[in-house]
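First the structure, in the form of C-alpha cells, and then the observations on it.
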Amino acid sequence: MAEAPEPVMPTAGRRLETPTRDRLFELYADTEALSRNLLFAEIAVIAAACFWVLLGPTSIAGPWPWISAAVGGLGVFRWVLHHWFLNSKRLADIRPDARFGVHTRDSLLALVQRVFAKLELPANAAPVFMTRAKDVNAHALRCELLPGLHAFNGVFLNRAIIHLLDEPELESVVGHELGHVFPYAPLLSRCYLLHAACAAAVSFAFAATFNSSAAVLLAPFAMLWLLDWVIAFSHLRLSRGIEFLCDDFGAQAAGLIPALSSEFKIGAESEARQQILAHLLDATGRGKTIDPSELMEVYESAVPFGRSDPTTARLEIERLSASRSQADRRTSLGGFIRYLGERGDSVDQQEAIGEELARLKVVSELPLVPLDREPYLHGSAGWTMENATRLTRTIEEHPHAVLFRQAEELTDEFTTHPNVSRRILFLWRNRDDPSRRAQFRANDSGDMP
C-alpha cells in the first residue's frame with residue numbers, strides 16, 4: 001500500500017482571489033464570440049465535404065457512405081441514452097404524501113415556482129426533476145438542435161441535496177442550475193443539429209472516397225472525438241467562471257445569505273462523506289470487506305440521504321464489513337474459482353485503494369481555518385450578516401489553512417468547479433453591484449444581456 005506523503009501547503013498561501021462579475025461577463029462574451037467562429041468553421045467543413053462528394057473522385061456505390069454518415073450523425077446524440085436511463089422523476093409526478101427531509105412534493109413545487117418568478121422566467125421554462133442519487137449534487141441540461149429548438153432542457157436535483165438543504169438554500173441551488181440552462185448555456189451546446197450534420201457530412205465524404213469497411217468507423221469516430229472537444233470548448237475555457245456566474249444567479253433567486261449557507265453546507269457534507277470513504281477504504285485495505293468491487297454498495301448503505309455523521313457511518317461500515325466477512329466463510333466452489341480468476345484485478349484494485357488512502361491521509365492532515373462551524377450548519381435562518389462577515393474574514397486572514405479538508409481547497413486550477421472558499425468569497429465580494437438586477441435578466445436565447 002502506498003505511503004502517504006506529507007501534506008504541503010503553498011508557501012504564499014492558497015489562491016483566494018476571485019474575479020469581478022463584470023470581468024466574467026466580458027470573458028463569457030469573448031468565449032461566445034469564439035464559439036460563433038467555430039460554428040462558422042463547421043458550416044465551412046460541411047460545405048467542403050458536400051462539394052468533395054459532388055465534384056471529387058468519390059464513389060457512392062454501396063451502403064458504406066450512408067452507414068458511416070448515420071454513425072457520425074447519430075453518434076453526436078449518444079448522450080441521450082444516459083439521459084433516457086437516468087433514474088429521475090418530474091417533481092409534479094412524485095406522490096403527494098412523499099417527504100424528503102423538511103420538504104414535501106407540494107413545497108418543492110411551490111419553491112420552484114418562486115424561483116422562476118424571481119428570475120422572471122416562464123413557469124414552464126425548464127422541467128425540474130428529482131433523481132435518487134445519494135451524491136450531494138444537482139445538474140442541469142440544455143441541449144438543443146438549434147437555438148430555440150428545445151430538446152432535453154431540465155434541472156435535476158439529487159435526492160440527497162434536497163434532504164440536506166432548507167427551502168431558501170435549495171432555492172439558490174435551483175437558481176444556480178437554471179443559470180446553466182438560460183443565461184450561461186454556451187452556444188455550442190445549443191447547436192447539436194449542426195454538429196450532427198458536420199459529423200455526417202465528413203464521415204460520408206471519407207467513406208465515399210476510400211470505400212472500405214475501415215473508413216466506415218474510422219471517420220465518424222474521429223469526428224465524434226473532435227466534436228466532443230468543440231462542444232466542450234466554452235467549459236474548457238471558462239468552466240470556473242461559468243460556475244461563479246451561476247452561483248450569482250442562484251443568489252439572485254434566493255438571496256445572498258441562503259446562497260452562502262448552501263455553499264457552506266454542501267462543502268461540510270462533502271468533507272464528511274470523504275471521511276466516510278476513507279474509513280471504508282481503510283477497512284477494505286485491512287481485509288474487512290470481501291471484494292473491493294463492492295465498495296460502492298457498502299458506501300451507499302452507510303451514507304444517508306441527509307446530513308452525514310462520519311462516526312455513525314464508521315460503525316455502519318464495520319457492521320456491514322463484519323456481515324460480509326461472515327458470508328465469506330461460506331464461500332462456494334464457484335465463488336472460489338471466480339476469486340482465482342480475479343486475483344490480478346484485485347491486486348490492481350488494492351494498489352488503487354492504497355493510492356487513494358494515501359491521498360486522503362494527506363488531505364485529512366491539512367490545517368483548518370479557526371472557525372466554529374456549528375452555527376453555520378443549522379440552516380440559512382440562523383445566519384446573519386455578522387456570521388457571513390466573520391466567515392469571509394476568517395477565510396481571507398488564514399490563507400495557509402483550508403475551510404474544508406478537500407484537495408481542491410488547496411487549489412482548484414485543475415478542476416472544473418471553484419472550491420467552496422472561492423465560491424463564498426466571490427458571492428461576498430460581488431454582493432453590492434448596483435447593476436446586478438439588469439445583468440441577471442435571463443432570456444430564452446441564452447445570450448448575455
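For this chain, numbers begin at 1 and follow the sequence in order. On a predicted model such as this, the values are computed, not experimentally measured, just so you know.
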- Can the ring centroids of Phe264 and Phe404 be said to lie less than 6.0 angstrom from one another? yes
- Message: Assess, by modelled atom type and distance only, whether the side chains of Ser261 and Glu169 contain a donor and an acceptor separated by less than 3.5 Å.
- Response: yes
- Residues Arg405, Glu365; criterion salt bridge (Lys or Arg N to Asp or Glu O under 4.0 Å); working and verdict: CA-CA 8 Å; Arg405 286 188 169 122; Glu365 295 174 356; over 6 Å; no
- Query: Between Arg240 and Thr415, is any side-chain donor less than 3.5 angstrom from a side-chain acceptor?
  - Reply: no
- With distance as the sole criterion, is a donor-acceptor pair present between the side chains of Ser234 and Thr31 under 3.5 Å? no
- Message: Salt bridge check, Glu17 against Arg422: does any charged N sit closer than 4.0 Å to a carboxylate O?
- Response: no
- Message: What I want to check is whether the side chains of Thr104 and Arg99 have a donor and an acceptor closer together than 3.5 Å.
- Response: no
- Short question: side chain of Lys265, backbone of Leu164 - any donor-acceptor pair under 3.5 Å? yes
- Query: Okay, side chain of Arg105, backbone of Ile94: is any donor-acceptor separation there less than 3.5 Å?
  - Reply: yes
- Message: Salt bridge or not between Arg373 and Glu271? Use side-chain N to carboxylate O under 4.0 Å.
- Response: yes
- Decide whether His417 and Glu408 meet the rule of one side-chain donor and one side-chain acceptor closer than 3.5 Å. no
- Item | Flag, side chain of Arg142 to backbone of Ala185, donor-acceptor distance under 3.5 Å | no
- Run the numbers on Phe100 and His103 for ring pair (Phe, Tyr, Trp, His ring centres under 6.0 Å), then give the verdict. CA-CA 5 Å; Phe100 312 98; His103 307 285; 8.3 Å; no
- Item | Between His163 and Arg159: side-chain donor-acceptor atoms closer than 3.5 Å | yes
